[in-house]
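What follows is a short report on a single structure.
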Amino acid sequence: TAAIGLFDNKPAKTGVLGVGTGANIAWMLAYADKRITACCNIFAAGWDVYKDKFKYGSNDLNEISEERERWLAGLSAETYAKYINIPVMLLTASNNKYTHIERAYDTMARIPDARNSFICIAPNSDGYICHYGNIRLFFEKYLLDKDITMPQKAQLGIENTENTVALKVECGNMDDV
């Protein structure tokens with residue numbers, strides 16, 4: 001954030017974009033620096049202390065003490081998400097080695113006002129993201145105040161009737177996009 005202070009004319013709005021470890025730092029900056037008004041994170045949503053610990057199951061590969069685990073978790077990006085009150089976009093891949101997909105959703109769910117938070121998942125693309133247009137639209141909307149409609153999150157539900165189970169998907173404002 002020292003770079004923001006170098007401007008002679010301070011920008012009215014400032015965005016931060018981070019990739020990998022830089023994205024974990026961007027999560028922290030989005031909380032700590034009130035000059036930042038929009039945050040885009042690519043390939044990272046915290047949970048680094050749990051890299052070798054599966055969310056479901058008991059296949060722990062890297063044992064650390066409970067005290068150290070708590071200390072590391074307190075410094076991780078997901079801890080800051082619940083304090084972020086600016087628009088956030090997370091882009092990642094379903095099989096990325098830096099962010100487990102279920103953990104990405106866990107971090108995004110911690111953001112208090114989810115109306116201006118977005119997650120874009122590239123299926124099976126590991127370290128490649130093809131959503132650069134989404135990044136541009138996100139920053140144009142939240143930094144340049146352009147009238148851009150961002151897609152709403154799909155709402156999922158399960159309907160169970162007699163011998164049938166159906167998945168119900170509502171896509172919000174898709175008619176507007």
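Numbers here are sequence positions counted from 1. Here the structure is a predicted model, which is why all the values come from computation and not from measurement. FYI, side chains are in, hydrogens and waters are out, and symmetry mates aren't considered; it's all heavy atoms of this structure.
- Using a 4.5 Å heavy-atom threshold, the side chains of D113 and N85 count as separate.
- Atom CG of L90 sits about 9.0 Å away from atom OH of Y105, to the nearest 0.5 Å.
- For K34, the NZ atom is densely surrounded, since the number of other residues' heavy atoms within 6.0 Å is greater than 12.
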Test side-chain contact (heavy atoms from CB on, under 4.5 Å) applied to C40 and L91, step by step: CA-CA 8 Å; C40 181; L91 291 86; 3.6 Å; yes

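- Annotation: side chain of I135 is in contact with side chain of I42 (closest heavy-atom distance under 4.5 Å).
- How far OH of Y83 is from OH of Y31: 7.0 Å, rounded to the nearest 0.5 Å.
- Ring planes of Y142 and F118: tilted class, angle from 30 to 60°.
- Looking only at side-chain heavy atoms (C-beta outward), C39 and L29 stay at 4.5 Å or farther from each other.
- From D145, atom CG reaches atom CD of E140 across 11.5 Å, with rounding to the nearest 0.5 Å.
- With values rounded to the nearest 0.5 angstrom, I86 atom CD1 is found 11.5 Å from K13 atom NZ.
- For K82, the side-chain contact (heavy atoms from CB on, under 4.5 Å) test picks out R110, with sequence neighbours left out.
- Between atom CZ of residue F139 and atom CD1 of residue I148 there is a gap of 12.5 Å, rounded to the nearest 0.5 Å.
- In this structure, D33 CG and M28 CE are separated by 14.0 Å, a value rounded to the nearest 0.5 Å.
- Residues V88 and W27 are in side-chain contact: their nearest non-hydrogen atoms beyond the backbone lie under 4.5 Å apart.
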